[in-house]
Amino acid sequence: MRQDVDGERLWRRLMAMAEVGATAEGGSCRQSLSDADEAGRALFLAWCEARGYEIRKDRIGNLFIRRPGRNRDASPVLIGSHLDTQPTGGRFDGVLGVLAGLEVLETLDDAAVETARPIDLCVWTNEEGCRFQPAMMGSGVACGVLDLEKALSARDGAGTTLADELVRLGYDREAPPRLPDSDCYIELHIEQGPILEAEEKTVGVVTGGQGIRWYEISVHGEETHAGPVPMALRKDPVPVLMHVIELVQAIGRTDEDARCTIGRIDLSPGAINVVPGRADMTVDLRHPNEAALDRMHRQLMDGLEALRQNHKETDIDGHLTWHSPVVTFDGVLIEAVRASARARQLMHRDIVSGAGHDAFNVARRVPTTMIFVPCREGVSHNPREYASPFDVTAGANVLLDVTLARSSASTSLPLPELAPCSRRLAADG
Ligand SMILES: [Zn+2]
């Protein structure tokens with residue numbers, strides 16, 4: 001018999017959680033490991049305790065809530081997301097995945113459904129990365145992508161370290177972070193983009209995440225007075241910068257999945273009557289296909305080389321500063337999401353995540369997928385963030401179906417195909 005979540009109970013909980021750290025603008029502010037974040041966790045844990053679930057915490061503050069299965073030794077199905085928010089956060093980003101996860105556990109309890117595998121609901125610490133960097137920290141450490149000591153030494157703007165906050169809140173007494181040896185991981189999240197709403201779809205079948213590459217580009221010229229030096233005799237980085245901007249925009253137009261963003265441009269010294277001596281800019285390239293991303297990288301590097309040849313009056317320096325590989329989710333799980341949406345007659349489409357999620361870290365270790373639901377006008381990280389009760393309930397029902405399918409499955413999914421760097425991490429344990 002098909003189970004359905006209690007959409008009203010889920011909505012009430014979402015609204016109750018939004019009151020913790022509520023802002024005047026109608027959003028929530030629960031920055032990671034702040035008093036408000038801890039109060040949100042306490043409210044969540046009280047709901048879990050009322051059901052008698054086993055609760056485990058770790059050294060970085062990740063929470064794992066277990067609903068046991070018939071087979072205690074079977075690897076659990078992992079579901080979850082995060083409860084922390086941006087300083088001007090909304091009511092759904094992260095919170096939806098956690099509270100829909102709790103709703104799944106309670107729905108199974110209410111219907112007295114016994115699953116073969118246990119189900120672990122997790123709350124990852126510091127997904128947002130606004131107070132402590134990097135983002136997706138709790139999942140990163142648990143999955144061996146990020147070093148625990150490095151995470152503990154992260155400092156917020158006031159100079160407080162993550163380690164200080166973990167001591168203050170008592171997490172320092174907990175066991176080292178470790179990803180449970182899981183069958184799979186499924187995360188429900190709002191889309192944070194405009195595609196599902198624009199196409200009137202309820203469910204986004206997330207096939208993976210874009211790869212990201214960051215660059216810093218500098219053009220060095222010579223600072224001179226804006227009056228006495230004729231144009232032809234200047235070593236002005238600005239005309240070259242203009243070509244770099246054109247180059248990056250052209251790369252962004254090569255195909256419809258490409259994304260190129262120039263997020264910062266600085267001219268130095270930045271005075272109205274001085275020809276700048278230097279121009280600095282950042283470039284963010286994204287694409288869901290690693291080979292396409294390689295091609296974009298080559299286009300950028302070749303383009304800069306051509307500019308170097310044509311503008312010998314300046315020096316152009318451009319290099320990669322950070323990258324995150326393309327994430328591909330598990331085919332069996334993706335199909336399970338699609339099958340659930342189809343069975344429930346929910347309009348759906350495949351989609352690639354443009355934003356980063358804890359699921360990207362977990363996907364390196366266990367078969368993973370995500371489910372998206374639309375958010376109004378694609379707005380998130382904003383108090384106006386909104387997902388409708390219908391979409392929230394639909395997303396939770398799909399999460400329930402896939403969780404139920406996997407927690408009843410006797411054979412395990414194959415481990416993810418790992419990128420070389422992830423394979424090394426896995427080998428390290
Ligand atoms: Zn999120």
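Each ligand, and each atom within it, is numbered from 1 in the order the structure gives. Everything quoted here is computed from the prediction, not taken from an experiment.
- For the Zn ion (ligand 1), protein N, O or S atoms closer than 2.8 Å were enumerated as H82 NE2, D93 OD1, H189 NE2, with waters left out.
- For H319, the NE2 atom is densely surrounded, since the number of other residues' heavy atoms within 6.0 Å is greater than 12.
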- Message: For a side-chain contact (heavy atoms from CB on, under 4.5 Å) check, start with the C-alpha distance between R56 and L63, then their side-chain angles and the critical distance, and finish with the verdict.
- Response: CA-CA 6 Å; R56 183 169 74 79; L63 309 176; over 6 Å; no
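- Geometric assessment of R376 against the ring of Y386 yields a positive cation-pi assignment under the 6.0 Å and 45° thresholds.
- Taking all atoms of both residues into account, the shortest heavy-atom contact from Q210 to D257 is NE2-O, 4.5 Å.
- Residue pairs meeting the ring pair (Phe, Tyr, Trp, His ring centres under 6.0 Å) criterion with at least one member in residues 1-29, sequence neighbours excluded: W11-F92.
- A396 and L188 get closest at one heavy-atom pair: N-CD2, 3.8 Å.
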